[in-house]
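Protein chains get the first letters and strands the later ones, always in sequence-line order, with residue 1 at the start of each. All heavy atoms count here, side chains included; hydrogens, waters and symmetry mates do not.
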Amino acid sequence: MAEGPLTGLFVIDLGQYISAPFCAKLLGDYGARVVKVEPPTGDPVRRFPPLTQDGGESALFLYLNTNKQGVTLDLEDAQDRAFLRRLAARADVLVEGYLPGYLARIGLDYDHLALDNPALVMLSITPFGQSGPHASYRGPDIAMYAMSQWMNHLGEPGREPLKAGGWQAQYVAGLFGAAAAMTALWHRQRRGQGQHIDLSNLEAAICMQSYPTTSYQYNGVVRSRLGNVFPSPVLPCKDGFVGVNTQVVGEWERLAPMLGMPELLEDPRFKDRPSRTLHTKELVERIGPWLRARTQDELYATAQEWRVAFGKVCTPQQLLEDPQFASRGYFVQAESPQAGPLKYPGPPVKMGDSSWALRSPAPRLGQDTDLILQEFGISRKATSPRRRKGV
Amino acid sequence: MAPGPQGAAEGALPDIRVIDLSWNWAGPFATMFLADLGAEIIKIESVQRPDGWRSYRFDPKPTEAPYNKSEVFNSVNRNKYGITLDLTSSAGQDLFKRLIAIGDVVIENFTPRVLENWGLPYAVLRQINPGIVLCSMPGYGLTGPQRDHVAYGTPIEEMAGITYLTGYPDAAPQIQPMPYGDPIAGLYAVFSVLAALRQRDSTGRGQHIDLAQREAATSFVGEKIIETQLTGRPPRRLGNRHESQAPQGCYPCRGQDKWTVISVGTEEEWQALCRSLDHPEWAQDPRFADQESRQRHHDELDLLIAAWTQERDGYDIMRQLQAAGVAAAPVLSSPEALSEPQLNARGFWVDVPHDLVGTHRYPGLPMRFSATPGSVRWGSPTLGQHNRQVLTELLGVSPEQLPALQATDVIGTVPLNFRSG
């Protein structure tokens, strides 16, 4: 079997929901061995709709948990905690997202686990971080947009602000986690030392905003939401929506002749970026009909000829049928017991032909518990009463 | 090379040298992450084409050298050595090749033709230094029919299927308030560069990383790819609502354009919300008996919740509901985020100095490493700030050669289009 860059690493995914499991998925997809540890009732994401036909599995769970073996452990049970400590003693990376303080109370926090494994890289991903006045607050996805400025700047003025669609803040945190884990592994390679990484989902969301807080300090500008306006309005066309993007210097000057409307460049209402933002309504009245007469594909292709970066606002189905993705073999097919053959997104980064592989679909609940008990030399007799009953 | 003022805390990556050709945000975001953790970043611009983000300033007052005072540029380029090299000139290419010989990583986010046109494709770099890792970050990939297409963060977000999901259910889709494809690609660049360096430890060889920004961004909507195959339908735009849990939304609170989000995940949390808002009758109301019912009657429930929130301050709401075990959080503006107590308790905002604009508070890294915290060592470079230091100390160029390089604009500190005739 071809090797990925992370082949040989052993990762424990103690996370639930999205951020920590996505981080572990990235490590597994690029070659690490990942063991996902769930409570006996399973990761709650298993029940997030839509589920597969037989009601068996969640699309989100299937996506986030590729390339992982599945074990159930009850952390309230002393025997199961001991088993987890055995696993952690051999792990390179452990990812978790429990409320700060919980793992410490049950003797499974970094300070305890590092005693048996000083080289362990332990990554904790929580909404607000391990310390501070709000460390124990609930921080679901929507709260991350709220407190990071992301929501304040998204949506129409005069209307409630918006969160991003899907699970953007969760993926952001998971990816920051993967980058942080790789950083700690590099240090460990050179110095033999592990460490604890305390990652805040909220701080990650703020880092994705970059400069509005800096702008405010430089010149007192308080950013607010402007709605769907120039330089990058999203406008209807014949078969969907298209992003009319003119953010780059020179793009607007190329767009006007592309539309066959060079006179727009002389119109004082559209003379610079702030004016075009202010007069978006008039501008859209002028160019709307031209756009609505053309399809997404036509508009994208024409814009590229003029070096203007229009974006087709794509549905997932469009991505599955996209020629660029097809030519790069981006989507891979995998068979899973829960759902039959499905196409999955492939490598987010291409690192040579063999770096990324979908070796196994998401595990059924507890599917590898016996295998791993055996591998670690733990007999059923030594395990908890619940487990001896086969639960 | 003497790295300048040291922070007290060593980062994890001091033995990695990155030759950074990238500009705007995607590549610079990656190299700032690496720089914060101790890597040595040589950022290469040119007087012919300085980094595009230097041209964005949200201050209408004219000023001298505005390209050195952009808050946008200054937010993503701290801890880097800034030099200029004209890579279309043979003198510039020669100096660049000498940097490659002593570098570990090259990062660039141009279309694939650019390096080729400069005579500096991966094949050439690899000959100079077989261990070099080249991380290319084009919009659509190094291959395929869209290989040479122009792209940046916002069209990438649209083309990756993320924009489609965002917006009010009754309106057009909305883009994120920043060029979202860029930082996603930047984070994958950090991940893949460190993975490639790890691989180099065992193989002795570098590689050419093909990081298509659109492929990276699509990983953030991967579940929607699976969902569409299961349901046969496109996803719905949900505004602020949750796919299944209810209530969830953004509600007005006291003050001009002040809002709070509230999100109920379980029946227990729903009961807690009703008690905390002093409306126990809601918990008995058949319209709100379970999650599905609350979804069906979400509009009515939103009005009831808003009637309560609009009389109250966002932070008071958060304290009260969180204490009751319900998720609530205020929608913060930029000034409010700067003074947010949790962020300040964690030292998230870091003081970064700058020669021309002074010291300000910038976002730090969103994680704390217990052994290798990293640090802010210096602010974003002015154009060509470190030309002398890098060329003489790192490349052994004698100081006498510098004036000739400057006179021919191979190096410099003032963009060509800023010079008066």
Side-chain angles (χ1 to χ4, degrees), chain A residues 5 50 59-60 63 132 134 137-138 140 142-143 146-147 149 151-154 160 164-166 171 175 178-180 182-183 187 195-199 203-204 207-208 210-219 221 232 234 243 245 304 307 309 311 313-316 324 327-328 345 348-350, chain B residues 12 58-59 71-72 75 144 146 149-150 154-155 158-159 161 163-166 172-173 177 183 187-188 190-192 194-195 199 210-211 216 219-228 231 234 240 250 261 263 322 327 329 331-334 337 342 345-346 348 360 363 366-368 370-372:
Chain A
L60 184 55
Y63 174 60
H134 303 154
Y137 276 12
R138 281 165 157 73
I142 193 174
M147 298 186 76
Q149 313 158 80
M151 188 174 238
N152 196 47
H153 302 160
L154 177 57
E160 78 277 17
Y171 283 109
L175 179 52
M182 294 305 299
T183 302
H187 173 75
Q195 60 184 307
H196 186 210
I197 306 168
D198 167 8
L199 172 60
E203 293 174 11
C207 287
M208 300 299 269
S210 183
Y211 60 80
T213 43
T214 319
S215 255
Y216 170 67
Q217 293 170 76
Y218 272 45
N219 49 43
V221 169
S232 276
V234 173
N245 295 309
Q304 281 295 334
R307 307 302 276 170
V313 175
C314 291
T315 62
Q324 175 71 4
S327 102
R328 285 171 60 84
V349 187
K350 278 181 169 354
Chain B
F58 294 94
D59 183 344
E71 68 269 35
V72 178
S75 293
Q146 286 177 227
H149 285 189
V150 290
T154 298
E158 291 159 346
M159 299 287 281
T163 307
Y164 188 86
L165 303 172
T166 303
L187 287 171
Y188 273 115
V190 174
F191 174 77
S192 59
L194 291 173
Q199 206 163 27
D210 177 358
L211 196 167
S219 73
F220 278 29
V221 292
E223 78 279 8
K224 300 292 180 251
I225 301 290
I226 313 278
E227 284 175 22
T228 216
T231 65
N240 288 317
C250 182
V261 300
S263 181
Q322 292 281 0
V331 175
L332 300 183
S333 66
S334 302
Q342 175 70 5
R346 283 177 58 81
F348 171 67
H360 298 89
M367 73 280 293
R368 310 289 173 278
S370 63
T372 57

[X] versus chain B, heavy atoms under 4.5 Å apart: side chain, backbone, both or neither?
X: Y137(A); answer: both
X: Q149(A); answer: both
X: V221(A); answer: side chain
X: T214(A); answer: both

Mark yes when over 12 heavy atoms from residues, nucleotides or ligands other than Y216(A) sit less than 6.0 Å from its OH; otherwise mark no.
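Atom OH in Y216(A) is not crowded, with 12 or fewer foreign heavy atoms closer than 6.0 Å.
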
S232(A) and T154(B): side-chain donor and acceptor closer than 3.5 Å?
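The answer is no; no qualifying pair exists.
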
Measure the spacing between OG of S334(B) and CG of N152(A) and express it to the nearest 0.5 Å.
7.0 Å

By salt bridge (charged side-chain N to carboxylate O under 4.0 Å, His left out), R368(B) pairs with (sequence neighbours left out) E203(A)

Show the nearest heavy-atom pair for residues N219(A) and F58(B), with the distance to one decimal.
ND2-O, 2.9 Å

Do you know the tightest heavy-atom contact between G144(B) and Q324(A)?
C-OE1, 3.3 Å

Need one label for [X]: side chain, backbone, both or neither, based on atoms under 4.5 Å from any heavy atom in chain A.
X: V72(B); result: both
X: T231(B); result: side chain
X: P366(B); result: both

For the candidates G311(A), A146(A), P140(A), which exhibits the highest count of non-hydrogen atom pairs separated by less than 4.5 Å from chain B?
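Sorted descending by pairs with chain B, the first entry is A146(A).
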
Could you work out, with side chain to side chain donor-acceptor pair (under 3.5 Å) as the rule, every residue matching T228(B), not counting sequence neighbours?
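T228(B) satisfies side chain to side chain donor-acceptor pair (under 3.5 Å) with no other residue.
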
